[in-house]
There are 2 protein chains.
Amino acid sequence: MTADLEITRLRESGGKGFEKVFAFLRERLLAGSLRPGDRLIPERDLAAQLGVSRPILREALRALTVLGVVEIRDRVGTIVRRPDPSVLNDFFTFAFAQQSDVVDDVMQARIAIECQAVRLAAERATVSDFEKLQQALARIVETIDDPDGGSAADFNFHRAIVNAGKSETLIVLHNSLSGILMRSHRGRRELLQAFDSMKTYLIEDHRRIFDAIVGRDPEHAEKVLREHFAIGDNFRRRAAIGESDARNDS
Amino acid sequence: MTADLEITRLRESGGKGFEKVFAFLRERLLAGSLRPGDRLIPERDLAAQLGVSRPILREALRALTVLGVVEIRDRVGTIVRRPDPSVLNDFFTFAFAQQSDVVDDVMQARIAIECQAVRLAAERATVSDFEKLQQALARIVETIDDPDGGSAADFNFHRAIVNAGKSETLIVLHNSLSGILMRSHRGRRELLQAFDSMKTYLIEDHRRIFDAIVGRDPEHAEKVLREHFAIGDNFRRRAAIGESDARNDS
DNA sequence: GTCTGTATCCTGGTATGACCAAGGTAAGAG
DNA sequence: CTCTTACCTTGGTCATACCAGGATACAGAC
C-alpha cells in the first residue's frame, strides 16, 4: 500500500526468502522509513506483500527481535523499538564467552571505558552522583572481608563512576564488558582476598579515585584509576603465578 | 534421546515455545556443551525432541544466526560457529543508528578505545605496525586536499593505531564505533576541510602521535592523541556553531 | 445521551504436512 | 579397487488450520 514500488523491486532482488525479507526490513529500519513506535502491518499481510510465507516472515521478525530493533507483542502487532542497548549484553556474552583467554583482552577494553568515563565523571558528575559514589565507597569498606559482597561492592563503585560520566555509550559498553568479566572472574575473587595488603589497597585506591572526581580533576582521576587497575593486575599476576609471596592464609 | 533430562525439564520451563527453545540453545551455547564446530541434529529431530514445531525451532535457529553463533548450511546442517565479532558492526549500527544526537556520545567511546589502544600500541607495536602507521601517515599528507580521500586516510591511520595495540576486543569495538561515526559524519568532512589551519593540524598531530608510539612512550602517546581529539572537537564546534568567526583563519 | 457489557474481529503463536533442490553416501557397475 | 549412480538426508519454503486473548464496535441498560 505505502511502498509497493520498493516491495515489488524486492521481489526480484536476490536472496533466498529469509535473506531478502531480512534485508528489506533491515534497510527500512536503518534508512529510517520505519521509525521507533511504528507498527508493522499484520504478519499475514506483510508476508503476502513480500511474497513469502508467514513462517519465513516470522523468522525475519524474530531475528530482528533478538537484535532488539522490533518487538513482537502477542495479539497486538509488531512494533519498531528504539533499540535497547541491553541486548548488547547478550551479544557480547556470546561473542566473547567461550574464549577464556580473551578475558585479559576484554579487561583492556574495560580499562579504556572506565578511564574515559572517569574523566567525564570528573566534569559532569552531579551531587547525586557524588552521593552514590560515596555510598558505594562505604559499601566497599563494609564488605572488605566478604569475598562475594566485596566484589559486588567493587563492581558497583566502578559502575557508579561510569554512570557519573553520563555517556550512554560508555555505560552500555561497560555493562556489557562487566558481564563478561564477571562470568569468568568468579573464581579469582577469593584469591585476591587472600592478600592482606589487598584490602588496604582496595579502600585507599577507591577513595583516591572518589576524591579526584569530587575534586573535578579529570587528569588526576584517570591517573589514579589507571594505577588502580595496574595494581590490581599485579595482585592478579602474583596470585596466578606464585601465590606464596604475600599469602595470608589463616 | 540423548539428553532427555534436560529437555524434559525444559518442556515445563516457562516460555512460549520460541522463548524456551531459544533459551535452551542459548544456555547450551554459553555453557559450552555446544562448541564451535559441532553440528546440531537435524531440524526435524531437534524440533521433535524439544517438543516444538519445525517453524518455531527455525525461528530460534535464525535468531542465533543473526547473532553469529550458529551457521545454517543449506542441505548440510546447523553448525555452531565461533562468533564472528564483525556482526557487532551490524548490531551497533542498529543500536545507535537513528539517534543522530548520540554521535557525540559515541565519539566519547571511540576516544576511550583509541586512547587505551595507543597506550598498548606504544608497548606492543611491531616493526610491521610502524610501517603501516608510516604509510597511513604518508597517505594523510598526500590526500590533505581531498575531502573524501582525506577522511579515509585519517580513518586508516587511527585504525592502524588500534591494530597496533594488538587487542582483539579494542579492535572490534573500534571498528564498530567507527562504522557508526562514518555513517553520520559524511557531511561534516567538507566543513572541516574549509579551515586552512585544519590541514597543518591534521598532519602535525598525526605525526606527533606516530612519534610517540615509535618512541615507546604510552603516557605521552595518549596525551598527544587526547589533544588531537580535543582540537578536532574544537574545529567541529566552530564549524557547527558559527563557521564565520574562524574561517580560513591563519 | 452516556455508560457498560458482550460478541466479534483481528493479531500473533503454533502445529502439521507437504514439496523441492542439492549435498552425502553407500550400493552397484566396471 | 575405482568410479558412477541412485537414494536418503537436510535445509528452505509454503499453505493451511486452529487457538487464545487484546481491541473494538455495537447493543442494551441506566
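Quick note: numbers below take in every heavy atom, side chains included, and nothing from hydrogens, waters or symmetry partners.
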- [ ] For the pair A:D38 (side chain) and A:V80 (backbone), establish whether a donor and an acceptor sit closer than 3.5 Å, ignoring hydrogens and angles.
- [x] no

Open item on the list: I want to check something: taking the side chain as every heavy atom from C-beta on, are A:R110 and A:L181 in contact at a cut-off of under 4.5 Å?
Closed with: yes

Give the table of side-chain donor-acceptor pairs shorter than 3.5 Å for residues 132-139 of chain A, with sequence neighbours excluded, one pair per line with atom names and distance.
residue: A:R139; atom: NH1; partner: A:E142; partner atom: OE1; Å: 2.7

Dump every N/O contact between nucleotides 7-13 of chain C and the protein below 3.5 Å, one line per pair.
residue: C:dG12; atom: OP2; partner: A:E43; partner atom: N; Å: 2.9
residue: C:dG12; atom: O4'; partner: A:R75; partner atom: N; Å: 3.2
residue: C:dG12; atom: N7; partner: A:R44; partner atom: NH1; Å: 2.9
residue: C:dG12; atom: O6; partner: A:R44; partner atom: NH2; Å: 2.9
residue: C:dG13; atom: OP2; partner: A:R58; partner atom: NH1; Å: 2.6
residue: C:dG13; atom: OP2; partner: A:R58; partner atom: NH2; Å: 3.0
residue: C:dG13; atom: O3'; partner: B:K16; partner atom: O; Å: 3.3
residue: C:dG13; atom: N7; partner: A:R54; partner atom: NH2; Å: 3.3
residue: C:dG13; atom: O6; partner: A:R54; partner atom: NH2; Å: 2.7

Open item on the list: Check the orientation of A:H174 and A:F155. Use parallel for under 30°, tilted for 30 to 60°, and perpendicular for over 60°.
Closed with: parallel

Open item on the list: Assess whether a salt bridge exists between B:R124 and B:D129, defined as any Lys/Arg side-chain N lying under 4.0 Å from an Asp/Glu carboxylate O.
Closed with: no

Open item on the list: Tell me the interatomic distance from A:L57, atom CG, to D:dG12, atom P, rounded to whole angstroms.
Closed with: 17 Å

